[in-house]
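Okay, so here's the structure we're looking at.
Indexing begins at 1, ligand by ligand and atom by atom, following the structure's order.
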Amino acid sequence: MKIRRILAHRVELPLHETTYNWSGGKSVTVFDSTIIGVETDTGHIGYGEVCPLGPFYLPAYADGVRAGLRELGPHLIGEDPRQLVRLNRRMDAVLKGHPYVKSGIDIACWDLLGQSSGLPVCELLGGRYGEDVHLYRAISQDSPEAMADSVAGYRAEGYRRFQLKVGGDPDVDIARIRAVAAKLQPGDRLVADANTGWIQHEAIRVANAVRDIDVYIEQPCLTYEECLAVRRQIPQPFVLDETIDDLGILLRARSDLAMDVVNLKISKLGGLTKIRQARDLCVSLGIGMTLEDSWGGDIATAAIAHLAQSTPPEFLFSTTDFNSYVTVSTAEGAPERVDGRMAASTAPGLGIHPRPEVLGAPVFTVG
Ligand code: MG
């Protein structure tokens, strides 16, 4: 099996909630997603998706996905998409860095490996655990009252895990955490994700002010060193996200005991092949994980579901279903949330079938 052509589709994904807001006044209203098709000489097509959270979350942006694919694509024609480690080495040899550009190709090639072997990606990634996985809901930054109402509403829909977007004014953030915590029941799980929005003393103030609340603190500050300084001075369980983007920093963080849980995103690491390596290392080292992506629709959510359900449940802190946040369905067969949980497809590959009328014509093809 050889790669014959790479197709890039651009899809806009509006939100049911209209806007998604997080630290520093950052906000997205319509997500710009790239769906990548990898077509082979055997007539198979595998699909992947890359959808940055705007241009100001990670070092990634929507047009950058497509520019990168134009650069990378020609070097992959003729390669066997099923030989994933080899393919990743090829991608790293011909394009330095830009892991998010490579992520969509890698996901599409896992889809092809699954199609050609007759196995779901979940099983190829290590094995299927349980019937389904539990989901968290990200709560867009708003007033304390509005965020508490939002949590109560999503709780009624079945979610039991909530990630509050804080990282704003520390006094308001303290009120946000308190207002939301008042809506929770035993067994619910609460994360306050500052998305790098606090500086050290603010993070320590907020954490000290909510010492009586069962809450995790995620990525309080911009740099690894600032986060480590905060981590060493606060009592809450601690999550790192934005600063953990490769194995080197993951190992350093483990050595520093810098976190209890790590948030790994498929496109941040560079695809399923690389996130699997990090995931398996975390399992061996005893580190819990949130496994997800920066954003996306049906295809990104399918990839997340296969990754999450192939992870030993005690290490899966949470995962999410981005396809339920957006108003557009790009594929049939994608995971559907039931009572705050989702399951990976049992069909070969990702188990999704893109809707041609939604994808439209490719914005460009390579090969
Ligand atoms: Mg986060």
For residues 141-151, dump all side-chain donor-acceptor pairs below 3.5 Å to protein atoms at least two apart in sequence or in another chain.
| residue | atom | partner | partner atom | Å |
| --- | --- | --- | --- | --- |
| Gln141 | NE2 | Lys165 | O | 3.2 |
| Gln141 | NE2 | Val166 | O | 2.6 |
| Ser143 | OG | Ala146 | N | 3.1 |

* Classify the ring geometry between Phe322 and Trp295 as parallel (under 30°), tilted (30 to 60°) or perpendicular (over 60°). =>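 The rings of Phe322 and Trp295 sit tilted, inter-plane angle from 30° to 60°.
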* Fit a plane to each ring of Trp22 and Tyr57, take the angle between them on a 0 to 90° scale, and name the class: parallel (under 30°), tilted (30 to 60°) or perpendicular (over 60°). =>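 Plane angle over 60°, so perpendicular.
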* **Environment of the Mg ion (ligand 1) in terms of protein N/O/S atoms, cut-off under 2.8 Å** =>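 N, O, S partners closer than 2.8 Å: Asp193 OD2, Glu218 OE2, Asp241 OD2.
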* To do: Take Arg4 and Thr40 through the test side-chain hydrogen bond (donor to acceptor under 3.5 Å, both in side chains) and record every step on the way to the result.
  => CA-CA 5 Å; Arg4 186 170 65 186; Thr40 69; over 6 Å; no
* Can you check whether Leu84's main-chain N or O pairs, donor with acceptor, with Asn88's side chain at less than 3.5 Å? ->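 Looks like yes, one N/O pair under 3.5 Å.
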* **Donor-acceptor pair, side chain of Asn208 and main chain of Ile204, under 3.5 angstrom** =>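 Yes; at least one donor-acceptor contact below 3.5 Å.
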